[in-house]
Amino acid sequence: MSLWLSGIGVSRGIAIARVQKMHGGELDIPEYALSASDVEGEVVRFYGAHRRAKEQLREVRARIPESTPGDIAAFIDTHLLMMDDRSITDTTVAHIRNDRINAEAALQRTRDALMAVFEQMDDAYLRTRRDDVEHVCSRIQRILLKSERQLPASGERGETFVIVADDVTPADIILLAQQQIAAFVTEYGGPLSHTAILARSLAIPAVVGLRDARRLLREGEPLIVDGEAGHVIADPDAQALAFYRDKQAAQVRHRAGLARLKGRAATSRDGVHVRLLANIELPEDARVAEEAGAEGVGLYRTEFLYMNRKELPSEDEQYEAYRRIVSAVSGTITIRTLDLGADKQVDSGRSHGPLPTNPALGLRAIRLCLREPDLFRVQVRALLRASAHGRVQIMLPMISSLQEFRQASTLIAAAREELHAEGRPMAEDVPIGAMIEVPAAAIAARQLARHARFFSIGTNDLIQYTLAIDRVDDEVNHLYDPLHPAVLQLIRQTIDAGRGAGIPVAMCGEMAGDPRFTRLLLGLGLTDFSMHPASVLEVKQIVVESNVAQLRDAVAAALECLEPQEMRERIAALA
Ligand code: PEP
Ligand code: MG
């Protein structure tokens, strides 16, 4: 009998193949006391395993095909860097020596402490770094415990499988992808987990967060995976098989059609040109963005420069990174200033005891930069210097008032004066814009638009703050709703305010790259869409088939509906 299960669809596509379970996810870490004479031997054992783990990662790195997107190799590079991070090695050795415990247990203490730090970060992307800590530490622990994970081998005559696992590491994915894996189904993870990001990059269908998948699915049984809907059907009947085979064939045809759009302009049937831009995180991504046909970069998240290290990146180091990107991108590149979360310390001195802070509402992004002007100044100087090499715009995250925008602009002007006095080359004009991701900014958009040179709507945060839903809390994920009337109202208001003031309005949250919302956004008057490079062609397809004038009328009418369900249906029916 068929069994229908539901998880979170994170990478689109239909796969029909047999189950192959991947075992050995969880590790049982023993802890035992060492005698004084055994301590140094244990340190040597730790370093031996650490060396072997690095060798393994280098082997994986060497096997990544040239054609693979840059972000895949970057995951492995991050793990290699983390392996050498002293907060892992030195702390573990200190635990072995001071607490006189075995290497596996010492590493576990290091891991738990580091994961707790990442756990508290408000930025969803940074929070996923705790997965890196987990993967790096468990690779070393497996070697210490002689319990290395066995990756399933590909079947006879090239038969492919659906991998069913508790979780998969970036290294597992790279190795498995070379065996033409049909899909992944994992018990853990969410839309922003590394499995999800990598599966999307490699175009492998994936469903994550399917609790108990390994218990419910049988080895070798046939499985259908719908990576968009998040459905998994075990032992499907003839009817389900026929339905999904048709859907799979339609998707293959659709993908072939997309490839033909590569060199074509993103202009609608009634002549409205739309700028499709890329969101990037690493300098290497600039190439991927160009290849995808993006017209420029609408969001470069600079946080990655600050991660996995103890000291802050110097001005020269940042300049070099920005210069590389700016030189590689032919269009405009919008660089977002630091959007790190902040002081997560609990004030234990309070009489009512420690209270957990809410980092998403705390000292993050522009608030942190205004509190620490030296931190901001170094980044801004590097950005202005990089502007000599291309078309740079500076984007300020988490703006919630005009005052913040003005303060930041004053600091940027001061940095420009300094550089000018030093005789450094810079572009004459470096527009400064605001991210609209706090409801207050959307509500006050008309005032802000008189001062900002551009807006970019960050729907990931705008939705979280409007609906009071923590975007990284699995428990409330189901309430995260881009089509909530309040969210749509704020988006419309922001676009209208930008248009009224004659400044460009872009959107760089996930919503901009989701083809389900392209028609709606066109109808709201959005003309600049910034997204993961992998989504560019999909969105372009919808743009070139659309009549924007008609969509404007249809969307305006849909938003008048007072019944949310009716409004949703009308939006879904936009054609
Ligand atoms: C957003 O909030 O929509 C956004 C693009 O920024 P981030 O996801 O980095 O917070
Ligand atoms: Mg944001």
Side-chain angles (χ1 to χ4, degrees), residues 10 71 118 121-129 190-194 196-197 200 276-282 285 289 294 296-307 333-342 358-369 379 393-400 404-405 408 433-442 445 454-473 477 480-484 487-488 490-491 494-495 505-514 517 521 526 528-533 535 539:
V10 292
D71 51 354
F118 281 103
M121 293 204 166
D122 56 335
D123 186 292
Y125 287 86
L126 291 184
R127 237 178 97 159
T128 61
R129 293 282 126 168
L192 295 172
S193 67
H194 286 167
I197 295 169
R200 281 197 289 271
L276 301 181
L277 307 161
N279 290 354
I280 65 171
E281 268 129 42
L282 300 162
D285 295 344
V297 169
L299 166 65
Y300 168 35
R301 293 182 166 101
T302 54
E303 292 75 64
F304 280 76
L305 275 173
Y306 292 76
M307 282 167 30
I333 156 153
T334 305
I335 308 186
R336 179 174 76 182
T337 58
L338 193 56
D339 185 12
L340 273 190
N358 183 337
L361 301 179
L363 188 63
R364 60 172 287 206
I366 198 65
R367 301 170 181 180
L368 175 69
C369 290
Q379 180 172 39
Q393 309 198 113
I394 297 181
M395 178 154 82
L396 304 172
M398 278 283 289
I399 289 290
S400 59
E404 277 172 346
F405 187 82
M435 264 191 95
I436 305 296
E437 50 184 349
V438 176
F454 64 93
F455 282 162
S456 187
I457 307 175
T459 47
N460 305 344
D461 277 317
L462 185 62
I463 297 169
Q464 118 161 312
Y465 294 126
T466 306
L467 304 181
I469 289 159
D470 185 343
R471 66 193 248 195
V472 290
D473 183 345
N477 253 344
Y480 192 89
D481 179 12
L483 295 185
H484 189 292
V487 172
L488 296 182
L490 292 179
I491 293 174
T494 307
I495 296 173
V505 180
M507 178 179 285
C508 61
E510 291 294 307
M511 200 174 170
D514 188 329
F517 305 128
L521 296 172
L526 190 76
D528 289 17
F529 293 62
S530 192
M531 63 199 76
H532 188 284
S535 306
V539 172

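Just follow the structure's listing: the first ligand is 1, and inside any ligand the first atom is 1.
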Kindly write out the residues that satisfy side-chain contact (heavy atoms from CB on, under 4.5 Å) with Pro439, not counting sequence neighbours, or none if the list is empty.
Leu462, Tyr465, Thr466, Leu490
Assess Gln464 for proximity to ligand 1: is some non-hydrogen atom of it under 4.0 Å away?
no
Does Glu303 offer a backbone N or O that forms a donor-acceptor pair with the side chain of Asp339 under 3.5 Å?
no
Donor-acceptor check, side chain of Thr334 to backbone of Leu299, threshold 3.5 angstrom: yes or no?
no
Is the Mg ion (ligand 2) under 2.8 Å from any N, O or S atom of Glu437?
yes
Check whether any side-chain N or O of Gln393 sits under 3.5 Å from a backbone N or O of Gly433 as a donor-acceptor pair, and report yes or no.
no
Among the N, O or S atoms of Asp461, which one sits nearest to the Mg ion (ligand 2)?
OD2
Logged contact type for Leu462 with ligand 1, heavy-atom cut-off 4.0 Å, is neither
Under 4.0 Å from any heavy atom of Leu299, which atoms of ligand 1 are there?
5 (C)
Applying a 4.0 Å heavy-atom criterion (strictly less than), which segment of Glu510 is in contact with ligand 1: side chain, backbone, both, or neither?
neither
Could you tell me whether Met398 approaches ligand 1 through its side chain, its backbone, both or neither, with non-hydrogen atoms closer than 4.0 Å?
neither
Check whether Asp528 reaches the backbone of Leu277 with its side chain - one donor and one acceptor, N or O, closer than 3.5 Å.
no
Please work out which of Asn460, Asp339, Ile436 has its closest non-hydrogen atom nearest to atom 3 (O) of ligand 1.
Asn460
Using only atom types and a distance under 3.5 Å, with no angle test, would you say the side chain of Ser530 pairs donor to acceptor with the backbone of Ala278?
yes
When only distance counts, is Arg364 in polar contact with ligand 1, meaning an N/O pair under 3.5 Å?
no
For a quick test of reading the model, state the closest non-hydrogen atom pair linking Thr337 to Pro397 and the distance between them.
OG1-CD, 3.1 Å
Less than 4.0 Å is my threshold; does some heavy atom of Met435 fall inside it relative to ligand 1?
yes
Has Arg367 got a side-chain atom pairing as donor or acceptor with Leu361's backbone, closer than 3.5 angstrom?
yes
If hydrogens are left out, which of Ile457, Asp461, Asn279 has an atom nearest to atom 10 (O) of ligand 1, that is, the closest non-hydrogen atom?
Asp461
Heavy-atom contacts with Cys508 under 4.0 Å: which atoms of ligand 1 show up? List them by number with element.
5 (C)
